[in-house]
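Have a look at the structure below before the remarks.
Within every chain, numbering begins at 1; the chains are lettered A, B, ... in the order of the sequence lines, protein sequences first and strands thereafter.
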Amino acid sequence: MPVLEIEGLSKSFGGLRAVSNFDLALGDNEVVGLIGPNGAGKTTIFNLITGIYPATAGSINFMGKSILGTRPFKITQLGIARTFQNIRLFKECTVLDNVRTVFHPRVRYGVIDAFLHTPRYAAEEARITERSLELLKAMNLDGRAEMKATNLPYGDQRRLEIARALAGEPKVLLLDEPAAGMNPSEVGTLVELIKFIRNHFKITVLLIEHQMNVVMNVCDRLVVLDFGEIIAQGLPEEIRNNQKVLEAYLGKGVTVA
Amino acid sequence: MKQKYTQTILIIVAAAIFYVFIKTLIFLNVLSPYWQLVLDQSLIVTIGALGLSLIYGFTGQFSLGHAAFYGIGAYTAGAISKTLGHGSLLWFIIAIVAGTLAAALIALLIGLPILRLRSDYLGIATLGFGIIVKVGMDNANKVLPVLGGATGMSGLTTVANFEIIFIFFLIAILLLKNLIYSKYGRAFISIREDEIAADAMGIDTTRYKTMAFALGCGLAGLAGSLYAHRYPFLHPSSFEFLKSFDFLLIVVLGGLGSISGTIVTAVGWAFLLEGLRFVLGEQFIDFRGVIYALILVITILMRPQGLFSGKELLFMKPPRLKTPTNREEGSHAGLRN
Ligand SMILES: Nc1ncnc2c1ncn2[C@@H]1O[C@H](COP(=O)(O)OP(=O)(O)O)[C@@H](O)[C@H]1O
Ligand SMILES: [Mg+2]
């Protein structure tokens, strides 16, 4: 049974069909790339999966159960985490608090413990602080735990978004252009990081990315979107030489590396 | 985590020193009964302002009707004490609990439908609610004569003294500080920072916006309940829209997301209001409005983040963490599970 199964998914904004009839089944511990030119509808698909937009038509099943109409925070709690293309960190919070916030549903104390800072509060805070620092260490951000998120360099902010998403202990991780704005050395680290996440956390990753070298390196297979429709899918090497894909990209002036 | 308690002890010691200081001033006749009243009022205003600090400063929910909840607390507590209490301490406690709960419950009823929405409807709704409450107070005597109507409610027994108000002031500060440095505080702040991201990170935003709003209005209700036991007279004009604006000014001037900023500004504000009465004299008292506006404009120009710009005084800070400072560059293999 696929972890995430999407069938006939469509979304219209007024007259614009941003996504039409999109199908995708993600298996266990797979890394799948979702590529396509700007405006193809990739981010919209993430917004549909995470419940930010209601779908116009189609179905989305997560571990065998429909999540259509489920509120976003519930979907996240079920096990789908995401990052944002236009970074959405809790800017004025520390790096550590960005991560700790996401542990919220799994912190086991109540309002009284919070008001009185009981031993139970202290124990739970210590536990999630340690877990958060481990995640930050994995993203090589632990030395900056007490910095404000907004003061981090760009590449670090992208990695903090990933750390924050992982704090939700997801089964499926949705990454929206994590390499955007990174320099080549940061991109190299990111590629290693995605491989590490897949091997260490044993989770499924759906990756939106513009940079072909990234998807070619980490994805098991690729799905190519143009004008909201799938125009090709297959192994990275198949996609690299696919005529339709080249046209879609070259037509928009994006070079295929 | 031991540090948490050290900090609490620090606050209690600071409070004890402040208490002795005030008592000495009173003993030496430096602090006249008039200024003692102003001091008590400043502590009451601080409790109410902390409520709005939670709602707006920490959770980012804009409310324009804070004084209405202050008024609901005052009238509820006042009516109970006047009809049943007659100065008894037990009824004083009951009245305070009732005033606080009344404000919190009404906030819950207003908040639940409105805070589901992601926009700034709360500002509009609370503005409308504030006007309704004022009209209600002006005409309350037609339903319940004890409430007094447009001429106000008189004959209240002043049960609350400096000590009682000061204890509530301390409890409010300590509980709010503890709440902010907990998973609830992080949920509130995440909503202020980015509601969509908070939602996407598994935070039930409607629930925590409503919780912050109800708790914050409960603090306004508590402040109102104390007010009704400190002054023998309640008047609808003390709880109208302009008073909501006062609370808002305090929270914004103090700096959003700073408990210390709210406290310092609230106390300063109460003294400034009375100080101006002396400086300007009764003839020019209406110029206070101009001076408020000037202070607001100058502060926003010089310090747009407010006096404390989200920072806290030493004894209000979160406990410092001992984090490893030696980063292992380029390695992400250090993960345990
Ligand atoms: N909230 C929205 N309202 C209206 N149009 C939208 C909205 N979100 C996306 N679109 C449109 O849908 C199309 C797909 O956008 P998007 O999914 O962001 O593309 P991609 O992520 O592939 O670059 C674009 O034409 C975009 O303008
Ligand atoms: Mg996009």
Self-check item: Side-chain touch B/D199/A/T50, heavy atoms, less than 4.5 angstrom
Solution: no
Exercise. Evaluate the side-chain proximity of B/M201 to A/R164: yes if any heavy-atom separation is below 4.5 Å, no if none is.
Key: yes
Quiz prompt | Heavy-atom proximity to chain B below 4.5 Å, by part of A/L78 | solution = neither
Quiz item: Between CD1 of B/I196 and CG of A/N47, what distance do you get to the nearest 0.5 Å?
Solution: 8.5 Å
Self-check item: Atom group of A/F103 that falls short of 4.5 Å from chain B, counting heavy atoms
Solution: neither
Quiz item: Taking atom CD of A/E125 and atom OH of B/Y181, what is their separation to the nearest 0.5 Å?
Solution: 12.5 Å
Self-check item: Between OG1 on residue B/T206 and CZ on residue A/R71, distance to nearest 0.5 Å
Solution: 4.5 Å
Quiz item: At a heavy-atom separation under 4.5 Å, does B/F188 approach chain A through its side chain, its backbone, both, or neither?
Solution: neither
Quiz item: Does a sphere of radius 6.0 Å around NZ in A/K202 hold more than 12 heavy atoms from other residues, nucleotides or ligands, not counting ones at 6.0 Å or beyond?
Solution: yes
Quiz item: Distance from B/L175 atom CG to A/I112 atom CD1, nearest 0.5 Å?
Solution: 9.5 Å
Quiz item: Do side-chain atoms of B/K183 reach the backbone of A/T101 as a donor and acceptor pair under 3.5 angstrom?
Solution: no
Exercise. Please look at A/F115 and chain B and tell me whether the side chain, the backbone, both or neither of the residue comes under 4.5 angstrom of a heavy atom of that chain.
Key: both
Exercise. Apply the test side chain to side chain contact (heavy atoms under 4.5 Å, CB included) to residues B/M211 and A/V111: give CA-CA distance (whole Å), side-chain angles for both, the deciding distance (0.1 Å), then the verdict.
Key: CA-CA 11 Å; B/M211 179 177 169; A/V111 182; 4.0 Å; yes
Exercise. Find the distance between CG (B/L179) and CG (A/L116) and round it off to the nearest 0.5 Å.
Key: 10.5 Å
Practice problem: Begin from the C-alpha positions of B/E195 and A/R88 and carry the test salt bridge (charged side-chain N to carboxylate O under 4.0 Å, His left out) through to its verdict. | Solution: CA-CA 10 Å; B/E195 195 171 338; A/R88 280 180 174 271; over 6 Å; no
Quiz item: When rounded to the nearest 0.5 angstrom, what distance separates CG in B/N178 from NE2 in A/H117?
Solution: 3.5 Å
Exercise. For residues B/T205 and A/F73, determine if any side-chain heavy atom of one lies less than 4.5 Å from a side-chain heavy atom of the other.
Key: no
Quiz item: Does the side chain to side chain contact (heavy atoms under 4.5 Å, CB included) test come out yes or no for B/I189 and A/F90, once each step is laid out?
Solution: CA-CA 8 Å; B/I189 294 169; A/F90 307 129; over 6 Å; no
Quiz item: Taking C-beta and beyond as the side chain, do A/L89 and B/E193 meet within less than 4.5 Å on heavy atoms?
Solution: no
Practice problem: For A/R127, enumerate each residue passing the salt bridge (charged side-chain N to carboxylate O under 4.0 Å, His left out) test, keeping only those at least two apart in sequence or located in another chain. | Solution: A/E124
Exercise. Count the heavy-atom pairs under 4.5 Å between each of A/I75, A/T76, A/V102, A/I80 and chain B, then report the option with the highest count.
Key: A/T76
Quiz prompt | Choice from A/G51, A/A167, A/A165, A/A114 maximising heavy atom contacts with chain B below 4.5 Å | solution = A/A114
Quiz item: Closest approach of B/Y184 and A/Y109, non-hydrogen atoms and distance?
Solution: OH-O, 3.6 Å
Quiz item: Top residue by heavy-atom pair count (under 4.5 Å) with chain A, among B/A198, B/A187, B/S182?
Solution: B/S182
